[in-house]
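Each remark here refers to the structure printed beneath this line.
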Amino acid sequence: MSMRELERLDVEAVRKDFAILSRTVRDGRRLVYLDSGATSQKPRQVLDAEREFYERHNAAVHRGAHQLAEEATDAYEAARETIANFIGASSGEVVFTKNATEAVNLVAYAMSNAATAEPALSRFQVGPGDEIVVTEMEHHANLVPWQQLCQRTGATLRWFPVTEDGRLDLTDIGELVNERTRVVAFAHQSNVLGTVNPVQTITARAREVGALVVLDACQSVPHMPVDVGELDVDFLAFSGHKMLGPNGIGVLWSRRELLEAMPPFITGGSMIGVVHMDRSTWAEPPQRFEAGVPMAPQAVGLAAACDYLTSIGMDRVADHEHRLTEYALDKVGSIEGVRIVGPTETVDRGGAVSFVVDDIHPHDLGQVLDDRGVEVRVGHHCAWPMHRKLGIVATTRASFYLYNSFEDVDALAEAIRDAQKFFGTRP
Amino acid sequence: MSMRELERLDVEAVRKDFAILSRTVRDGRRLVYLDSGATSQKPRQVLDAEREFYERHNAAVHRGAHQLAEEATDAYEAARETIANFIGASSGEVVFTKNATEAVNLVAYAMSNAATAEPALSRFQVGPGDEIVVTEMEHHANLVPWQQLCQRTGATLRWFPVTEDGRLDLTDIGELVNERTRVVAFAHQSNVLGTVNPVQTITARAREVGALVVLDACQSVPHMPVDVGELDVDFLAFSGHKMLGPNGIGVLWSRRELLEAMPPFITGGSMIGVVHMDRSTWAEPPQRFEAGVPMAPQAVGLAAACDYLTSIGMDRVADHEHRLTEYALDKVGSIEGVRIVGPTETVDRGGAVSFVVDDIHPHDLGQVLDDRGVEVRVGHHCAWPMHRKLGIVATTRASFYLYNSFEDVDALAEAIRDAQKFFGTRP
Amino acid sequence: MQLDAMYQEIILDHYRNPHNKGLRDPHDGEAHHINPTCGDEVTLRVSLTPAPGGELDEKATVADVSYDSMGCSISQASTSVLTDLLIGRTVADGMQTLDAFTELMQSKGQGEPDEDVLEDAVAFAGVSQYPARIKCALLGWMAWKDAVSKSLDKEGV
Amino acid sequence: MQLDAMYQEIILDHYRNPHNKGLRDPHDGEAHHINPTCGDEVTLRVSLTPAPGGELDEKATVADVSYDSMGCSISQASTSVLTDLLIGRTVADGMQTLDAFTELMQSKGQGEPDEDVLEDAVAFAGVSQYPARIKCALLGWMAWKDAVSKSLDKEGV
Ligand SMILES: Cc1ncc(COP(=O)(O)O)c(C=O)c1O
Ligand SMILES: Cc1ncc(COP(=O)(O)O)c(C=O)c1O
């Protein structure tokens, strides 16, 4: 950050763009939405852009030659360009999927498809003796697809352990990532712990052994400036719905050269070169990976979300969340009987704050919070093995976004104390 | 139909619900949208339902315990119920996908996944010596995934030929569908020819040999009453965007018992039973097949589309299109130099009317039509092998829906004659 | 406040002082159930006594229900209430009670529970207003159903 | 009417009476390109003459371009115009013309084509307003580029 401090984000102004934030819940309580890690709310600019597409330009993209089809195709491809710019990529490197989960599966299935295909695809092939490395803090979306790839191909899954304080244990990286490793897949930022992982250290080792690097950026792209040019990974996956965009759209980014070499995943219309009854060839990327009529209105909505975030500035969004997180770690962490799960300092840490409260099960805690209008998530947050490793069944997670205010954190802290009173675990 | 003739559909009233239909194209021409076979337009009721979800109830479904998450989950599951009812199914048999293409791929990949899994899944396993039967009139979406399944497993692809007049040639059905056949996949209605295929004849034979039947209902569910109880197929796939619903949502229907036995396709969050680092178990269907945060707003929109169609009555929609098709076959078919590709009578035939015009390439024809505001589709319509079989490179297709009027057909016929004049092929 | 409707005293009592908790032998069937959304678990055992001269069938009596579990107040309390309700009843009666309880849970707060059948379990009526918690309330009951059917199966073989 | 801007007389003339059509020998390279959205095809051959004392490189002269094709007026006419423009020119000149033509196609109707370079091909300016047709106009040109690069490659081996 420059000398001049970053101008602060105007939360009240931002909140006006989100109609849902002015509704009440449970007997007229103000909605305190602290579940953006699961899905974000959408500003009217995004909803308007999507609706405008439907009401003015709707047609099947890349399939028609009439004016509506032209306009729809233009809108779709312009959206791709905007989204590519948002992550410092070029548009030919951005593939649209339905969510990040599909994006990770796309890579994992392309790899097992390569296993039964021509030898030219050997860089994507895995089999017995090969290893795939993940981490113990992965979301199921970046774990189960790799388990399944191993199951289909006979490769072996290995993983970085998580330390007690919620960081990756890289002690054995030299052994764990070795010449048998074909893929290293990990989260940029943990959706439970908030931990921002050391991309460069891991990527550097992966490069030494020639492994492909898959980065789950679901919790980073929405919350901090991300530039694929700086990251030096091979694949990057994220979801639109977590970054103010519509549901039903996700992104797989990869280097052009890799996409050009990679076999397809879902097959059907619009992804083909030539089709005969018994064989087909493929279109160039990104089309090769976008079979069927795509989610053009959602792409347009996601581009509007990128524009919205850009107009505020991702630096500013990150700064705002950083301050909220600092405040929450302090406010919530200092309540007697509350323990933060994950790093307690804001270094290399984003705005997912998970915690346990002595003698109150997260489900029961969540119920009291909900009764106070405070909407958090309880459970294992699709990171079950990590909870098991930390010896916890479930946690309560508050996660922030640009529309959250310091009062939201106050409401959270107060509701936690209410729950302690309600269940009689604290006076 | 009963004695009393079905009350006619009020096209003018319907058109008022579709904002886009009142726009103009190319220098102020009235928009004559004849490309609903590619994608349909959306009534405001659908767009309103989706927006209402975003502005009132948006949250990640099946993942939260707070009020918004409850409301979102209720809305999502109520939508599933509505959509299930629309096709005479129960909601536990309806799986949401991003489009019909994903739905077909889901079945094809579940089958190759079964091939590397426990023997208990043998009913889904295919391999060398096994056969999969499709037809020569399939859309790429119901052809390429089966080619790829064969490629992955060593099974053999076979197909029903298409006759000169655009019907399936069932002469060799007894040999083609035999005891080696594991799957028979075909379109309920051709997206190019309009042909409605004899489901019962094919299904009866498939049952004799114990093959699974996959029906591509992309062009039937939007246009005629479809009841899975009557069809006796195993899988049915269709897309929301072709039936007044949003993009980004499709449906795979299957019998509960099959879904319960079938292994998953895309893996990740919300589709699991228990997750360990090295292995996972699966949730019950339909969740098992819906990994990741789903497209809940789109499901809600699609349910609103079903409600819209139900309120008009699918009988009435079918009747309206039937009369439009009859009129178009006559009006367009009687222009000198025009040849209809596909059945020229309306028996077992839906409202896709494809044709060729002597000495005018479809691209050039489409250009003139577009100039007159008539939006049709030109090309192979993702049915390239069928065009090759019929000895045609490309066709021009007009396809109808409930918002099309007889004047739209007149505009089409007039524009075709204009094109003949423009290119000097007719006086 | 709606919270009180949900967390009735009876529920909190059972939660703080669960009845019949701990795994015991002998048992005829055991089931382990997990709530996949939060990871809560229950291991539950059933011991049955055949009706005089009969087999381990619907007419058998539930001699004991023992369990070990980890979870929220609702799942803990409902399993505790279950043991009170079902120990000493016939399997057939137990299944009826299960049906009544399941129906109550699905009533979205509109159910009128039969206190003669459900006894303390009527306290869970408020839970039915919170769809995400219904699974919690049913966790032990589903395990019971499973454990019983395993007990009967075993006899069947 | 915008149609006339697109279907200029020159284009329709070339469409009705294509120049240099038909596959001829000898040839140094051949390419077969297909437009995947409509199935239109072109097979195009290039015959090169090395510059005096030189090899088949950038300085070689395009001695002949012959082709067989199936497609719409735009793809037919643009391939015909291509042959007129490129036969007799050096490969380097041809590549420059290709670049100029590609740029024109991507200009969305805003291009100001250099008539000295593009000659008859300026008639295609109107096509650039119709994104779906740009592929048609470029089909033969892409095949030419491919066929030339195959010719040069061959020499390289
Ligand atoms: C007959 C048929 N099958 C499959 C599809 C594929 O549908 P989608 O592109 O929505 O997946 C279509 C439409 O494109 C179709 O008409
Ligand atoms: C870290 C992380 N990875 C992957 C996902 C999966 O995203 P989606 O469900 O949108 O596919 C999520 C969110 O659920 C996440 O937080």
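Sequence lines set the chain letters: A, B, ... in the order given, protein chains first and strands last, and positions in each chain run from 1.
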Heavy-atom pairs under 4.5 Å with chain C: which of A/Val368, A/Thr395, A/Val378 has the most? A/Val368

Report yes or no: does A/Ser399 contribute a side-chain atom to a donor-acceptor pair with the main-chain N or O of A/Ser36 at less than 3.5 Å? yes

Side-chain contact test, heavy atoms from C-beta onward, threshold under 4.5 Å: evaluate it for A/Val192 versus A/His139 and give yes or no. no

Who among C/Ala132, C/Cys136, C/Pro36, C/Ser75 has the most heavy-atom pairs with chain A under 4.5 Å? C/Pro36

Applying side chain to side chain contact (heavy atoms under 4.5 Å, CB included) to C/Met70 and C/Val42, what does each step give before you reach the verdict? CA-CA 6 Å; C/Met70 193 166 63; C/Val42 61; over 6 Å; no

Pairing of A/Asp364 and C/Arg133 as salt bridge, 4.0 angstrom limit: yes

Answer key: most heavy-atom pairs under 4.5 Å with chain A among C/Ile74, C/Leu12, C/Asp40 is C/Asp40

